[in-house]
Amino acid sequence: MAATTEEQIERVRELVASIPSGSVATYGDIASAAGLSSPRTVGWIMRTDAADLPWHRVLGASGRPAPHLAHRQLAKLELEGVPIRDGRVDLAVARHRF
DNA sequence: TTTGTGACCTGGA
DNA sequence: ATCCAGGCCACAA
């Protein structure tokens, strides 16, 4: 696969949209499942063309999103029933398996 | 074109 | 546990 194509972006959008409420996924998992070359590309998509997607269900591998979003993410996730421990998401339980 | 930046990941100190 | 360095890909100036 060469550079990122519309198909890849579409795939990522589908994956993010397919995450059920109460579950979360990591950038690395999405990148791997979508066939992207690097997890960084997923972050790029989120920033540019994922405003209408449940991006708040996407976290980093550390179970903690970016600093500026963390506040919002955790609040929404907690409302959806995602297990949060000490400001960190319990990936072992909330992680969605594709 | 080159450079800097970013909603990342892994591994080592 | 946290911090740093290298690798990764795409974009804006």
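Keep in mind that this is a model prediction, so the values were computed, not measured. As a basis for the values below, the full set of heavy atoms in this structure was taken, side chains included, without hydrogen atoms, waters or symmetry mates.
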What's the closest nucleotide to the side chain of A:A61 if the choices are C:dC9, B:dC9, B:dA7? B:dC9

What is the distance from OH of A:Y27 to C1' of B:dT10, rounded to the nearest Å? 17 Å

Provide, to the nearest angstrom, the distance between the CG atom belonging to A:L59 and the C1' atom belonging to B:dA7. 10 Å

Can any side-chain N or O of A:S32 pair as donor or acceptor with the backbone N or O of A:D29 at less than 3.5 Å? no

In this structure, CG of A:L53 is separated from CE of A:M46 (nearest 0.5 Å) by 6.5 Å

Just how far, in rounded Å, is P of B:dG6 from CG of A:D49? 21 Å

Atom CD1 of A:I45 to atom P of C:dC11: distance rounded to whole Å? 10 Å

In whole angstroms, the gap separating C1' of B:dA7 from CG of A:D29 amounts to 16 Å

CD1 of A:I30 versus P of B:dA7: gap in Å, rounded? 16 Å

Flag yes if A:L91 and A:I19 sit in one hydrophobic cluster, no otherwise; membership is Ile, Leu, Val, Met, Phe, Trp, Tyr, and two members link when side-chain heavy atoms are under 4.5 Å apart. no

On DNA chain C, check which nucleotide each of A:R40 and A:R64 is closest to and give me the residue with the more 5' one. A:R64

Between B:dT5 (C1') and A:H68 (NE2): distance, integer Å: 12 Å

Starting at CG of A:L36 and ending at C1' of C:dC9, how long is that distance when rounded to a whole Å? 9 Å

N/O donor-acceptor pair under 3.5 Å between A:D90 side chain and A:A92 backbone: yes

Closest-nucleotide mapping onto DNA chain C: is A:P39 or A:R47 further toward the 5' terminus? I mean the 5' end. A:P39

